[in-house]
**Student:** 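Here you go, one structure.
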Amino acid sequence: MNAFRLAGDITHLISILVLLLKIYATKSCSGISLKTQELYAVVFLARYLDLFTDFISVYNSVMKVVFILSSVAIVWCMRRHRAVKRSYDKELDTFRHYYLVGACFVFALLVHEKFTFQEVFWAFSIYLEAVAIIPQLVLLQRSGNVDNLTGQYVFFLGAYRALYILNWIYRYFTEAKFSRWIACISGLVQTALYADFFYYYFLSWKNNAKLNLPA
Amino acid sequence: ANADSQKDEL
């Protein structure tokens, strides 16, 4: 465990908790893509299948449970909570995310470290996490609505990406046999898509700021 | 298995 990865895990968790709190506190999820949140929940469920089989550390196990619970809580809030689900942009959040799930699963069947149930699902979760932000990116391009995408959420999500890349660079130079090409390459694609999201987020935020200028 | 090969990253 190195400081970059610990900080990356923590900023990742904070980004999820910030979003959950924002939705729960304002009882609104307008501008949030339910599809992206569903993909994130699937990512954690598919990746942490080893929760009960491989014990790595208390930290590792606790964080896996917290990631699963918090990501499922966001999906539950957006689908079940009466007040929240009324504010869901159902007619705008229309990206066919099932195609992303299917494509990532097929790709995981082709490219993985070992052809075992857990390894294929692990690779699937890595690929899916990389593309999971696409429905949110499309929704943001359509709606320009950043009401619930707080700056903190975007900041912590970006910090998570940057710190994980630093973690891989650090591990590459300090560990003899560090070979996580699947996670590294997929992580770079994920970061590039995040950068695209950030670009549209910044534009929307600037436009909203202009719109809200005192008349 | 040693930690590296295990999936020790979240």
Side-chain angles (χ1 to χ4, degrees), chain A residues 1-2 4-13 16 43-44 46-51 53-57 59-68 71 112-114 116 118-119 121-123 125-126 129 160 163-165 167-168 170-172 174-180 182-184 186-187, chain B:
Chain A
M1 170 61 81
N2 61 66
F4 298 121
R5 182 144 66 91
L6 180 59
D9 291 340
I10 291 170
T11 51
H12 188 195
L13 179 57
I16 298 172
V43 163
F44 293 128
R47 186 174 304 173
Y48 301 151
L49 294 173
D50 63 350
L51 180 60
T53 56
D54 297 349
F55 177 78
I56 292 172
S57 69
Y59 166 81
N60 189 272
S61 299
V62 167
M63 287 293 264
K64 285 176 176 175
V65 171
V66 173
F67 273 120
I68 289 173
S71 58
H112 43 261
E113 284 175 8
K114 274 182 294 191
T116 65
Q118 275 196 354
E119 284 291 334
F121 269 85
W122 180 80
S125 81
I126 293 288
E129 188 188 358
Y160 153 58
L163 287 162
Y164 247 76
I165 286 175
N167 156 60
W168 289 326
Y170 175 83
R171 292 190 77 173
Y172 180 79
T174 54
E175 287 173 20
K177 49 178 286 303
F178 176 69
S179 71
R180 290 183 123 72
I182 289 182
C184 287
S186 184
Chain B
N2 59 345
D4 296 349
S5 67
Q6 263 184 328
K7 297 280 174 285
D8 62 345
E9 291 189 349
L10 286 171

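Reminder, nothing fancy here: chain letters follow the sequence lines and each chain counts from 1. If you're wondering where the values come from, they're calculated on a predicted model, not measured in any experiment.
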**Student:** Considering non-hydrogen atoms only, spot the tightest contact between A:Arg5 and B:Asp8 and give its length.
**Tutor:** NH1-O, 3.0 Å
**Student:** Among residues at least two apart in sequence or on other chains, which ones pass side chain to side chain contact (heavy atoms under 4.5 Å, CB included) with A:Tyr59?
**Tutor:** A:Met1, A:Leu6, A:Asp9, A:Ser57, A:Met63, B:Leu10
**Student:** Given a strict heavy-atom distance threshold of 4.5 Å, which part of A:Phe44 is in contact with chain B: side chain, backbone, both, or neither?
**Tutor:** neither
**Student:** Just so I know, are the side chains of A:Ile126 and B:Lys7 near enough to count as touching, which here means a heavy-atom distance under 4.5 Å?
**Tutor:** no
**Student:** Under the rule for ring-ring contact (aromatic ring centres under 6.0 Å, His included), what residues qualify as partners of A:His112, not counting sequence neighbours?
**Tutor:** A:Phe115
